[in-house]
Amino acid sequence: MLGVALVALASPAVASAAQHKDEKLPPRVRLRADAPVSTAKATANAIGDAVAVDGPLLDPVDRYSRLIAATTQRTEHRQKVHARKKREAREAREEEERFAQLPGGVSIETLTAIAACESGGDPEAVSADGTYRGKYQFDQGTWESVGGSGDPAAAPEAEQDYRAALLYSEAGSSPWPICG
């Protein structure tokens, strides 16, 4: 009895499918069980025994997959940029804290006046002959005498301020005969 009911239900569907077989169907419903599986794409597009004759059936899935991949890449990039900015901010804050306390009670106003006179306040300033470098126009010997290493003009501004305050607390304004 159940088998008769299934045949009765399936018969109109089979007849309808046969009747519409020659009609032009949109690509997304053009599946054929008897289509040859000849290409890798067709094999990848197989659904059970039916094969997508054209790729458009899976195009929305492909587009969605590409969207997911692109979104993932953008998100990962944003996370990397955010992490880098956070790390740089932390490093800058740590460096600023390290040189925040000026030695010898030297005021930042005094240092600002010297820097404005020496280099216009530019921490990367270099004299015309290259001898004097940085915000306070240190020569290499003086820079090293207060614990600096490397190029004074390449040192962070906070370190230059700290080293200038250290020098000022040891020698007063004499290292800056014109601007001190």
Side-chain angles (χ1 to χ4, degrees), residues 26-31 37-48 50-169 176 179:
R28 67 180 142 281
V29 295
R30 204 176 314 137
L31 288 176
V37 179
S38 59
T39 65
K41 184 173 181 180
T43 303
N45 292 341
I47 301 173
V51 176
V53 177
D54 301 65
L57 175 67
L58 296 178
D59 279 348
V61 173
D62 290 340
R63 284 194 308 264
Y64 185 70
S65 295
R66 278 186 244 126
L67 176 67
I68 294 293
T71 302
T72 301
Q73 286 177 340
R74 280 193 308 271
T75 302
E76 288 172 354
H77 176 72
R78 287 180 186 144
Q79 288 174 341
K80 286 178 184 177
V81 167
H82 177 70
R84 180 177 43 84
K85 286 182 178 180
K86 191 174 179 179
R87 184 184 67 249
E88 288 172 355
R90 186 188 75 242
E91 289 170 356
R93 187 177 56 254
E94 288 171 356
E95 186 169 301
E96 189 174 310
E97 288 171 1
R98 190 172 72 171
F99 297 111
Q101 300 299 323
L102 297 177
V106 178
S107 70
I108 195 68
E109 291 78 20
T110 301
L111 293 179
T112 302
I114 293 170
C117 177
E118 289 288 336
S119 66
D122 181 7
E124 297 175 358
V126 177
S127 66
D129 64 357
T131 304
Y132 301 103
R133 308 177 70 76
K135 187 174 178 180
Y136 299 96
Q137 295 293 282
F138 286 102
D139 64 20
Q140 196 63 38
T142 305
W143 177 250
E144 290 172 2
S145 75
V146 290
S149 63
D151 180 6
E157 187 172 3
E159 182 176 1
Q160 291 183 42
D161 292 340
Y162 178 82
R163 303 283 174 216
L166 194 60
L167 181 60
Y168 194 90
S169 69
W176 299 281
C179 296

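Just so it is clear, the structure is predicted and the values come from calculations on it, not from any experiment.
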* State, yes or no, whether a side-chain contact exists between V126 and Y132 at a heavy-atom distance under 4.5 Å. => no
Here the pair of heavy atoms bringing P152 nearest to Q140 is CD-OE1, 3.6 Å
Discussion item. Are F138 and E118 packed together at the side-chain level, in the sense that at least one heavy-atom pair is separated by less than 4.5 angstrom?
Written reply: no
Between the SG atom in C117 and the CD1 atom in I114, the distance rounded to the nearest 0.5 Å is 8.5 Å
* Stepwise, does the salt bridge (charged side-chain N to carboxylate O under 4.0 Å, His left out) test hold for K135 with D161? -> CA-CA 8 Å; K135 187 174 178 180; D161 292 340; 3.0 Å; yes
Closest non-hydrogen contact found for S119 with G134 is CB-O, 3.8 Å
Using a strict cut-off of less than 4.0 Å between a Lys/Arg side-chain nitrogen and an Asp/Glu carboxylate oxygen, indicate whether E88 and R84 qualify as a salt bridge. yes
message = The test is salt bridge (charged side-chain N to carboxylate O under 4.0 Å, His left out); show your working for R163 and E159 and say whether it passes.
response = CA-CA 6 Å; R163 303 283 174 216; E159 182 176 1; 3.4 Å; yes
Point to revise | Side-chain H-bond candidate by donor/acceptor type, T142 with D139, under 3.5 Å | key: yes
Scanning both residues in full, the closest heavy-atom pair of A165 with V106 reads O-CG2, 3.6 Å
(message) Counting C-beta onward and ignoring hydrogens, is there a side-chain heavy-atom pair between R78 and H82 closer than 4.5 Å?
(response) no
Quiz item: Without hydrogens or angle criteria, can the side chains of T72 and T75 be said to hold a donor-acceptor pair below 3.5 Å?
Solution: no
d(Q160 CD, E124 CD) to nearest 0.5 Å is 8.5 Å
d(L111 CG, Y168 OH) to nearest 0.5 Å is 8.5 Å
Q: Report yes if some heavy atom in the side chain of L167 is under 4.5 Å from a heavy atom in the side chain of W176; otherwise report no.
A: yes
dist S149:OG -> W143:CH2 (nearest 0.5 Å) comes out at 8.0 Å
Taken in chain and number order and not counting sequence neighbours, the residues that satisfy salt bridge (charged side-chain N to carboxylate O under 4.0 Å, His left out) with D151 are R133
